[in-house]
Amino acid sequence: MNTTKELTGYPSIDKPWIKYYDEKPDQNMAFHTIYEKILENSKKYPQDVAILYYGNRITYKQLLENVDKCADALYSEGIREENCVTLCTSYVPEAIYIMIACSKIGAIANFINPLFKSDEMIARIKDTASKLFFIMDEMLDKNMETVIAKSGIKTAVIMPIAQSMKGTSKFIQSFKRCISRKKRIGTNDYEIKEWSTFLVEATDSAARVPYKENRGFIMVYSSGTTGASKGILLTEDGINATISSYNSSDFSYERGDTFYAVIPIWFSTGNVLSILMPLCKGITIIPELLFDKERVVKGIIKYKPTMTLAATSIWMTLIQSKHNNIDLSSLQYPITGGEKVTKVDEDNITKFLASHKCSAPLLKGYGMCELGSTITTTTRNHNKPNSAGYPIKDVIVAAFDTDTNKELPYNECGEIRVNSPARMKEYFKNPVATNKFFFEDDNGQIWGCTGDIGYVDADGFVFIEGRASDSFFSENGKLIYLFDIEKVALQDVNVSQCKAINKEIHNRNIPVLHLALKSHMNIDTADFIRNIANKMEEELPKEAIPVYYKIWTALPVHPNGKRDVEKLREAETGLYDANGSCIDL
């Protein structure tokens, strides 16, 4: 791109972010399966370590041998091209083998969220018509057996948490399960098999299924916060596009570098960005079984990874940790995503990294499962505070007016829409939702409608203000965005985190602001509330001023690390009004 060319004022035409890329075309985007890519890239390096799992170094040769065994076993169980295989698991190597084996035989690896309620799991599994179900042994309880029985599963295979560990007797006592037992609940018969039995009983050899354009490969799920969860079907074309975007001088790596994988495997950021991308590039992955802040912090210190992607809350926990002599000199890519990072937090994290010998700043990204996990990124050389970065290769981002469906010029807020080769194939068996998510403009470009409000500046950086759904209509019909309240709150130096919600009280929708403070020392709560309430009055329209405030030590989160908004909505004690008086509703 000629950067001296006069801008038209519209991001999708100017693509100002192109100046941050290499000029050379990408030769690795290709028409191949993920299995073929890993196989080809590891041919010369069979003894390189693919997975480091609690002391066990699994080489690329061993990885592919295990994948081939799993492919044979899947084929022997009757799994064929575009059949769904359901997994309910964390990061055990066996789950990774099954995922890549699905690529080899053209099947779909369907990652169900273990945090779903039973009825939700049953409905989603029934949608896929899965007959084969893989479950990590620690997740198999009576409730899960009921799910298996009622969802039409014929065979459930137990993946032992300790199967691939080294010195497992010192780490964990293996959870013993019955071998190949029959179960009957209601009218549903199904068989439970041990992992070893599943492999041993393979009678057929699975041939490699050739690449097929737009074939589904991995399915993950929406959260279901606005209704029933939806299956998000990703293709190998889309996943290859995401992986290809990391063929850049801004992402330099060597075989043997390590990626500490901590985002759960049932998210696309977990399976695509934290597992498949590194394995396709000869990088060693270090899977973390449990999403626990302290555990992940200890893992970063212990494993000294080259790269890791973690929620901002993890990096803040690292800053506050009591560990001595933390050496982060090996960490070249400290990445965060999934939530907006304030400039203060970004600066504090980067300063902490630098003070512990890390040469890189905190790197930020923005993405969503429907669009292949990654949309924007920052790099060492290109960053703006409060931004989510600029679009990755071959991705176009713009803000749109939702009333006219017309693109907005630079710096004007609207719905963020994304044109990406990594976009999902569909919401599984849900054409209505699929058509609602995608928008085709007058030029035939397909845009994913993210539901996020934000803008693109003239340098190509994307700024996300918040979710369009984080809003409510006041009594006089005015649309109030809750993130506008949060922006004012975060100006206060005492505020660490905040979340504004709308709550129905006495048949009125009113804003309530939840706050976590950096320190409770030397802070008079009543004075603090009065001061922040005054700031709200100065900067917000009357309808947007919070009626109540609540202070937390830390805002509640779900086990997956996302903010627990429902718990905030339920809070009715220990609130404060604008005068600093404590009340209970």
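Since the structure is predicted, the reported quantities are computational estimates derived from the model, not experimental observations.
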*Would you find more than 12 non-hydrogen atoms of other residues, nucleotides or ligands less than 6.0 Å from Arg380 atom CZ?*
yes
*Do NZ/NE/NH1/NH2 and the carboxylate oxygens of Lys212 and Glu236 come within less than 4.0 Å?*
no
*Does Glu120 come within less than 4.0 Å of Arg124, counting only side-chain N to carboxylate O?*
yes
*Hey, are Asp347 and Lys343 close enough for a salt bridge, meaning a charged N less than 4.0 Å from a carboxylate O?*
yes
*Would you call Lys15 and Asp394 a salt bridge, using N to O less than 4.0 angstrom?*
no
*Please list, chain by chain and in numerical order, all residues satisfying side-chain hydrogen bond (donor to acceptor under 3.5 Å, both in side chains) with Tyr35, sequence neighbours excluded.*
Asp68
_Whether over 12 other heavy atoms sit under 6.0 Å from Glu254 CD_ = no
*Using a strict 4.0 Å threshold on nitrogen-to-oxygen distance, state whether Arg417 and Glu415 make a salt bridge.*
yes
*Taking Arg467 for its side chain and Thr450 for its backbone only, find out whether a donor-acceptor pair lies under 3.5 Å.*
yes
*Do side-chain atoms of Tyr21 reach the backbone of Ile392 as a donor and acceptor pair under 3.5 angstrom?*
yes
_Less than 6.0 angstrom separating the ring centers of Tyr246 and Tyr253, yes or no?_
no
*Between Ser274 and Asn271, is there a donor-acceptor pair closer than 3.5 Å when you use the side chain of the first and the backbone of the second?*
no
*asked:* Can you tell whether the side chains of Lys104 and Glu36 come within less than 4.0 Å, N to carboxylate O?
replied: no
*asked:* Quick check on side chain to side chain contact (heavy atoms under 4.5 Å, CB included): which of Ser12, Pro391, Pro11 does Val456 satisfy it with?
replied: Pro11
_Could you measure the distance from the CD1 atom of Ile416 to the CG atom of Asp452? Nearest 0.5 Å is fine._
7.5 Å
*State whether Asp457 and Lys384 are salt-bridged, where the test is any N-O pair (Lys NZ or Arg NE/NH1/NH2 against Asp/Glu carboxylate O) under 4.0 Å.*
yes
*Roughly how far, to the nearest 0.5 Å, is the CZ atom of Phe291 from the CG atom of Leu115?*
11.0 Å
*Check the angle between the aromatic planes of Tyr390 and His382 and answer parallel, tilted or perpendicular using the 30° and 60° thresholds.*
perpendicular
*Within 45° of the axis and under 6.0 Å from the centre of the six-membered ring of Tyr60, does NZ or CZ of Arg255 qualify?*
yes
*Closest non-hydrogen atom pair, Thr128 against Tyr221*: CG2-OH, 3.8 Å
*Check ion pair Lys37-Glu40 (N to O, under 4.0 angstrom)*: no
*Are a donor atom and an acceptor atom from the side chains of Thr379 and Asn381 found within less than 3.5 Å of each other?*
no
*Are Glu346 and Lys364 close enough, and set up right, to give a salt bridge (Lys or Arg N to Asp or Glu O under 4.0 Å), and what steps lead you there?*
CA-CA 9 Å; Glu346 181 181 348; Lys364 303 168 296 183; 3.0 Å; yes
*Using atom types as modelled and distance alone, determine if a side-chain donor or acceptor of Ser130 lies under 3.5 Å from a backbone N or O of Cys84.*
yes
*Would you confirm whether Arg295, through its side chain, and Asp292, through its main-chain N or O, come within 3.5 Å as a donor-acceptor pair?*
no
